[in-house]
Amino acid sequence: MAASIRRNTYILENSGQNLASLGPTTGIDRQNIMRLKVNRIALVQELRVEHITGLLMEAGVIAAKDLKKIESGRTSQDKARILVDLLPTKSKNTEWYKHFREALQNPEASPETKKRYKNLVDFLDNTVIHRPTSQAGRFRDMKPQAIPVRSLPPINGVENDVHPDVQRYSPLPNIDSRQSKDETNCELNTAKSTPGVEDVLALQKHRNMTLVKGYFHQWLPTPENYKSVLDLPESHREKLASSENPQDHKLLEKEETALNYLRRVEVITVLAQRKQLPMGFEMCLCDAVQDILNQPETHHLYMKHLVTMEASEIMLVKDLISSYESVLQLLDKEENKHHQHSVVQTGLKMANFLITINKYPEADGILVSTLQFLKQSTHLDFWVARYQAYVKLMQTRNLSYQLDKAQNAYFDAVQMQYQIKLMSFGQPVLHEGSMHAETSQMLLEYGSIISAHGWARKALKEVDPDDPVSVVRVLCVAINSYCAQWLVKRAELLAIYVVQYAREKFGERHPMYIEALLHFCHFNTEFKQDELGIKIAKASNLTIELLDVAERTYGCESIHVALAHRAISRSLMCMHKLDTEDYYTHAIEAVRIARSLLGQSGKQLHIFLDTLASALQWKALHCPKELHDSTLHWAEAEAKQGLALVTNTYGEISLKSAQMLLLLGHIYSKMNKLVLSERLLCQAVDYLKLCQPPSSNYLLLGMANLGTFYKILLKPDLAIPRLKYVVEHAESTGWYIKWVHMCFDSLAALYNSIGDDKEADLVQVRLSQWLKANPIKSESIDYSQLQQVPVPFTSFLAKADIWVTTVQKVMALPSEKAFVAMGENDSELTDNCIDDEMNNDKEEI
């Protein structure tokens with residue numbers, strides 16, 4: 001097959017030569033460069049730069065600094081040589097060759113000089129550029145045409161006759177930009193003559209060859225016994241083709257396009273393995289790869305095909321990384337900045353590609369190599385690229401749970417941010433929302449809830465509104481932070497909007513839409529705990545299941561598919577839908593997929609193990625008696641592995657380890673190992689006291705678990721202090737929390753059991769106050785809300801921004817109340833004081 005490759009294909013020689021070949025982006029540009037090279041001697045000897053530089057400056061081809069560089073030549077030949085070398089480095093948008101040719105035709109010189117320059121134009125026009133190992137055979141085998149022998153124009157007064165045996169070719173035809181690429185290639189490489197039998201045979205021969213484009217375009221033999229291993233799985237194709245949803249048909253078209261792009265890369269990869277590519281050819285810069293990298297909306301579609309290629313020992317990802325690193329080594333810090341910028345952008349795009357296909361270590365390596373190269377240059381043009389690379393490195397390490405390394409990337413990003421702001425003189429150069437979001441996510445994983453919440457709010461205000469991917473990422477991180485703070489109304493507002501926004505921007509068959517649905521499920525499972533939690537986890541968009549959406553989108557096993565299984569399992573357990581084993585089936589399937597992708601020691605695996613251990617302890621309560629003990633032992637093993645992973649990732653004393661200890665304590669209580677269970681529950685609460693503030697909701701939940709445990713063991717003297725702590729520190733969030741209500745009831749019952757009716761009455765009074773501030777609400781989120789067209793993000797943010805609304809509200813209060821609102825309960829009270837207004841605004845949003 002012939003690969004159709006168009007842009008940014010380069011060959012870099014290992015000799016460390018000048019990388020001017022990186023500049024051109026089309027075959028015509030390369031043809032023009034070759035014209036200059038072939039006629040270099042004549043141009044240098046005949047050209048006087050002062051005759052054409054004025055015209056070139058008017059056309060925008062060269063600038064004042066270029067003219068200064070040209071004038072630095074000591075002789076007229078030196079100046080001409082500098083100009084000839086400078087022109088190919090110009091962007092194709094300047095149309096440098098066109099203007100150079102026109103300047104030669106209309107120089108600011110005498111008529112005699114104009115005549116000599118016309119000869120130079122004839123030289124350029126009559127230069128035939130053929131491709132090595134491809135068209136040369138065709139020209140060699142063609143029969144000589146009956147063209148009269150002519151003399152070439154004289155050079156420095158010396159006649160340059162054409163030898164009778166040398167064929168004289170007609171000028172190259174003008175290239176129409178509307179011509180097809182195949183027509184252009186044909187006209188550029190054949191003379192104006194009627195093809196003979198030899199030409200037809202040559203064309204037939206090329207059917208068994210592959211076109212590999214570099215600085216020289218070359219036809220290379222297609223690998224022998226080669227057959228593509230890539231194809232769309234028939235079951236996946238049939239599922240999409242037979243669907244009544246138009247989104248599936250659009251997805252099928254994208255699948256076919258992505259498959260064709262990858263097949264072109266597959267051929268080049270096979271040629272590379274067989275050492276049949278030209279010397280110095282770099283795969284990461286070839287157009288087949290660039291076409292893939294420049295279409296981020298289809299990156300996730302390559303995941304299943306890469307697995308197929310790796311099974312056939314075609315290591316595309318490894319080859320791309322190796323090629324990119326070799327390009328970085330060849331680039332010199334003093335080389336053309338445009339070339340360096342192009343390569344750096346390729347590295348950033350490649351990192352995005354690897355992140356999308358869950359190749360986090362590989363993406364980390366690409367970004368580290370890019371940053372090491374960027375550090376070699378102090379040029380200001382690369383500062384923003386360094387900042388972007390650091391932020392992308394933070395995201396990569398957050399997703400792979402390399403939190404200590406993410407922290408290092410954060411410090412580097414902050415330092416780069418400071419330098420850029422210092423040199424920008426107050427101009428808004430950076431969109432800092434993405435960095436703030438990754439900072440929030442990193443702090444949230446470490447358990448710094450309040451700090452994470454602050455950074456999330458800042459990220460919402462400073463994210464680039466014209467970058468939908470960043471907007472969805474920031475919204476999802478904000479949902480996590482608001483849920484951790486138990487600011488339920490805010491979390492609900494964000495959870496609804498992110499689904500609407502992702503659906504509008506990306507459609508229903510895209511990882512960003514799945515990400516939005518997963519975060520909505522997280523919010524609903526944490527707080528709503530109603531039927532919608534199961535409905536949205538199993539049937540997003542009314543009829544299509546979330547899991548089915550993920551499977552259709554990827555067409556293979558992926559982390560998002562595993563997360564969809566986990567979301568369904570958690571929703572079923574929160575609703576106590578335990579009459580079937582669906583909650584267990586989805587939990588174990590999530591772990592199976594996660595283990596196959598992450599390995600036994602993958603740091604992200606702990607969230608799946610937590611869900612499976614919870615499902616197993618519920619399963620033990622409903623399974624036959626003979627399976628009860630073995631099921632609990634299985635749950636114990638999974639929880640212990642999860643505890644080992646979080647301890648290694650977050651440290652021994654952390655929020656995550658405390659949560660795993662609570663789970664393990666519950667499992668031991670069901671195994672009647674009460675002493676061990678009490679020790680683990682107490683240890684978990686002690687850890688929470690060390691790493692969480694006194695009013696932390698996670699600490700309150702740990703106290704509630706320990707107090708309930710002592711209540712069941714009929715130890716009121718130990719249960720009352722724990723439950724009393726929960727009652728006294730439980731703050732109003734405006735949302736009913738069932739387990740907090742149970743703590744009030746349990747504490748009142750314990751006081752009654754020991755005859756302290758006065759304290760029991762006080763608890764009941766406090767409960768009535770709490771219920772008034774946090775009423776039970778039965779309404780569910782309507783599906784129609786999730787399907788509505790969202791308002792623009794900037795309009796949504798103007799309504800939802802907490803600080804703008806708070807300041808407006810406080811300014812309208814009397815001074816004493818304003819002081820209380822802004823001082824005593826900085827976050828919670830100010831949030832609650834505008835909840836009524838937000839409820840009124842919600843319909844407008």
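Atom NZ of Lys405 has 12 or fewer neighbouring heavy atoms from other residues, nucleotides or ligands inside a 6.0 Å radius. Remark: Leu399 CG is packed, more than 12 non-hydrogen atoms of other residues, nucleotides or ligands lying under 6.0 Å away. Applying the 6.0 Å contact sphere to NZ of Lys724 captures no more than 12 heavy atoms from other residues, nucleotides or ligands.
Summarising the geometry of Ala502 relative to Met512, their closest heavy-atom pair is CB-O, 3.8 Å, with the distance given to 0.1 Å. Listed here is the closest heavy atom pair of Gly433 and Val474: O-CG2, 3.9 Å. Annotation for Ile514 and Ala550: closest pair CD1-CA, 3.6 Å, computed over non-hydrogen atoms. Considering all non-hydrogen atoms of both residues, Ala704 and Leu723 come closest at O-CD2, 4.3 Å. Shown here for Ser657 and Glu652, the closest heavy-atom pair between the two residues is OG-O, 2.7 Å. In this structure, Val549 and Thr553 approach most closely via the heavy-atom pair O-OG1, 2.7 Å.
A salt bridge does not link Glu515 to Arg473: none of the charged nitrogens lies less than 4.0 Å from a carboxylate oxygen. Note on Arg592 versus Glu589: salt bridge recorded, some NZ/NE/NH1/NH2 to OD/OE distance being below 4.0 Å. Using a cut-off of 4.0 Å between Lys/Arg side-chain N and Asp/Glu carboxylate O, Glu445 and Lys656 are scored as salt-bridged.
Here the straight-line distance linking atom CG of Leu443 with atom CD1 of Ile449 works out to 9.5 Å at 0.5 Å rounding. If you take CG on Leu597 and CD1 on Ile593, they are separated by 7.5 Å, rounding to the nearest 0.5 Å. To the nearest 0.5 Å, the span separating OG on Ser470 from CD on Glu462 amounts to 13.0 Å. For the atom pair CG of Leu661 and CZ of Arg679, the computed distance is 9.0 Å after rounding to the nearest 0.5 Å. Note: Met660 CE to Leu680 CG = 11.5 Å, rounded to the nearest 0.5 Å. Separating the CG atom in Asp756 from the NZ atom in Lys758 is a distance of 8.5 Å, to the nearest 0.5 Å.
For Glu638, the side-chain hydrogen bond (donor to acceptor under 3.5 Å, both in side chains) test picks out Arg595, Trp634, with sequence neighbours left out. Considering only residues two or more places apart in sequence or on other chains, Arg397 meets the salt bridge (charged side-chain N to carboxylate O under 4.0 Å, His left out) condition with Asp364. Residues passing the side-chain hydrogen bond (donor to acceptor under 3.5 Å, both in side chains) test with Tyr410, sequence neighbours excluded: none.
A donor-acceptor contact shorter than 3.5 Å links the side chain of Ser571 to the backbone of Ala567. Under the 3.5 Å distance criterion, the side-chain polar atoms of Gln641 are matched with a main-chain donor or acceptor of Gln600. When atom types are taken as modelled, the side chain of Ser451 and the backbone of Ser448 share no donor-acceptor pair closer than 3.5 angstrom. The closest donor-acceptor contact from the side chain of Ser440 to the backbone of Ala452 lies under 3.5 Å. In this structure a side-chain-to-backbone donor-acceptor pair under 3.5 Å is missing from Gln604 to Tyr401. The backbone N or O of His453 lies less than 3.5 Å from no partner atom in the side chain of Ser481, so there is not a single donor-acceptor pair. Judged by distance alone, the side chain of Thr439 and the main-chain N or O of Met435 form a donor-acceptor pair under 3.5 Å. No donor-acceptor distance shorter than 3.5 angstrom exists from the side chain of Ser746 to the backbone of Cys743, with no hydrogens or angles considered. Side chain of Ser677 to backbone of Leu674: no donor-acceptor contact under 3.5 angstrom is found. Without hydrogens or angle criteria, Asn705 side chain to Leu701 main chain gives a donor-acceptor distance under 3.5 Å.
Contact annotation: the side chain of Ile450 approaches that of Gln485 to within less than 4.5 Å [non-hydrogen atoms, C-beta and beyond]. When side chains are defined from C-beta on, Val740 does not count as touching Leu700, because their heavy atoms never get closer than 4.5 Å. When side chains are defined from C-beta on, His565 does not count as touching Val591, because their heavy atoms never get closer than 4.5 Å. No side-chain heavy atom of Leu460 sits under 4.5 Å from any side-chain heavy atom of His436. Looking only at side-chain heavy atoms (C-beta outward), Thr611 and Met573 come within less than 4.5 Å of each other. Inter-residue side-chain proximity for Leu663 and Gln617 is flagged as met; some heavy-atom pair is nearer than 4.5 Å. Side-chain contact between Val414 and Tyr390 is absent, with no heavy atoms from C-beta onward closer than 4.5 Å. Inter-residue side-chain proximity for Phe523 and His519 is flagged as unmet; no heavy-atom pair is nearer than 4.5 Å.
Using cut-offs of 30° and 60° on the angle between ring planes, the pair Tyr698 and Trp486 is tilted. Note: Trp770 and Phe744 have tilted aromatic rings, judged against thresholds of 30 and 60 degrees for the angle between ring planes.
Here the two rings, on His729 and Tyr725, have centers that are under 6.0 Å apart. Separation of the His606 and Tyr650 ring centroids falls under the 6.0 Å cut-off. The ring of His666 has its center no closer than 6.0 angstrom to the ring center of Phe709.
The cationic group of Lys715 does not satisfy the cation-pi geometry with Tyr710, failing either the under 6.0 Å distance to the six-membered ring centre or the 45° limit from the ring axis.
Counting only N and O atoms by type, the side chains of Lys392 and Gln395 include a donor and acceptor under 3.5 Å apart.
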> Is there a side chain to side chain contact (heavy atoms under 4.5 Å, CB included) between Ile568 and Asp582 once you walk through the steps?
Replying inline: CA-CA 9 Å; Ile568 297 174; Asp582 286 348; over 6 Å; no
> What do the steps show when you test Val685 against Leu681 for side chain to side chain contact (heavy atoms under 4.5 Å, CB included), and what is the final call?
Replying inline: CA-CA 6 Å; Val685 171; Leu681 292 175; 5.8 Å; no
> Taking it one step at a time, do Asn398 and Gln441 satisfy side-chain hydrogen bond (donor to acceptor under 3.5 Å, both in side chains)?
Replying inline: CA-CA 7 Å; Asn398 279 337; Gln441 183 66 26; over 6 Å; no
>> Run the side chain to side chain contact (heavy atoms under 4.5 Å, CB included) test on Gln769 and Leu771 for me, step by step, so that the C-alpha distance in whole Å, both residues' side-chain angles and the decisive distance to 0.1 Å come before the verdict.
In response: CA-CA 5 Å; Gln769 295 173 346; Leu771 287 173; over 6 Å; no
> Yes or no on side chain to side chain contact (heavy atoms under 4.5 Å, CB included) for Gln402 and Tyr360, after CA distance, side-chain angles and deciding distance?
Replying inline: CA-CA 10 Å; Gln402 302 281 343; Tyr360 301 128; over 6 Å; no
